[in-house]
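A short worksheet on the structure shown next.
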Amino acid sequence: MGNITLTMIKPVAVKNGYTGKILEKITSAGFRIQALRMLRMSKADAEKFYEVHKERPFYGELTDFMSSGPVVAAILEKENAVEDYRKLIGATNPANAEEGTIRKMYATDIQANAVHGSDSDENAEIEASFFFSKKERYKQDGNLI
Ligand code: ATP
Ligand code: MG
């Protein structure tokens, strides 16, 4: 059981002004922010991040969308972080997401589904390193990881 997950608030949610509300929901649910940054991915960055989906029909559209504006990336820490965060965000398609989940509250469609969440402990570590160096990750006591 790992204790971190990587999230991104996706471009449409950032554009719609939901960054603060989503971060509030995340911290209220008991996640601690280890690292945080707003950035715009290049198309090549998005292609690398979503490489596992390369063969899927929506890969081109997805990577266009993810590089269309800034995202807010964060490393979140909590016991059982990956699974608990996926519960908090809800189903991939917001139409199927449960009431009270981030995707139900802030997403518009399956592509612009408000947030990303890692799907395994292994991918959480890979994705965390994609956005942040060790010098940008802080422990609860304020010191670097
Ligand atoms: P994420 O990885 O972003 O947290 P997820 O794990 O719930 O989402 P994945 O199957 O990994 O879902 O899909 C990655 C992303 O690709 C989705 O979040 C969504 O933005 C997009 N996506 C997935 N399925 C479709 C689809 N059928 N049409 C368009 N976009 C899709
Ligand atoms: Mg996924």
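Position 1 is the first residue of the sequence; numbering continues from there. Everything numeric in this text was worked out from a predicted model, so none of it was measured.
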Between Ser118 and Ala124, which heavy-atom pair has the shortest distance, and what is it?
OG-CA, 3.5 Å

State whether the number of non-hydrogen atoms from other residues, nucleotides or ligands found under 6.0 Å of Lys48 atom NZ is greater than 12.
no

Is a side-chain donor or acceptor of Asp45 paired with a backbone partner of Ser42 at a separation under 3.5 angstrom?
yes

Hits for side chain to side chain donor-acceptor pair (under 3.5 Å) against Arg56, two or more places apart or cross-chain, chain-then-number order -> His53

Answer yes if the side chains of Lys10 and Asn113 hold a donor-acceptor pair under 3.5 Å, and no otherwise.
yes

pair Lys134-Leu144: side-chain heavy atoms closer than 4.5 Å:
no

Does the side chain of Lys43 come under 3.5 Å of the side chain of Thr63 through a donor N or O and an acceptor N or O?
yes

How close do Pro11 and Ser68 get, heavy atom to heavy atom, and via which atoms?
CB-OG, 3.7 Å

Can you see which heavy atom on Ala114 is nearest to which on Ala13, and at what distance?
O-CB, 3.7 Å

Give me the atom names and distance for the closest heavy-atom approach of Val115 to Arg103.
O-NH2, 2.8 Å

Looking at Arg37 and Glu136, is any side-chain nitrogen of the basic one under 4.0 Å from a carboxylate oxygen of the acidic one?
yes

For Glu83, is there any backbone N or O sitting under 3.5 Å from a side-chain donor or acceptor partner on Asn80?
no

Keeping to residues at least two apart or across chains, list the side chain to side chain donor-acceptor pair (under 3.5 Å) pairs with something in residues 17-33.
Glu24-Ser28, Arg32-Glu77

Linking Ile, Leu, Val, Met, Phe, Trp and Tyr through side-chain heavy atoms less than 4.5 Å apart, which residues share a cluster with Phe132?
Ile4, Leu6, Met8, Val12, Leu39, Met41, Phe49, Tyr50, Phe58, Tyr59, Leu62, Phe65, Met66, Val71, Ile75, Phe130, Phe131

Any donor and acceptor pair, going by atom type alone, linking the side chain of Thr7 with main-chain N or O of His116 inside 3.5 Å?
yes

Ile33 vs Tyr138 side-chain heavy atoms within contact, under 4.5 Å:
no

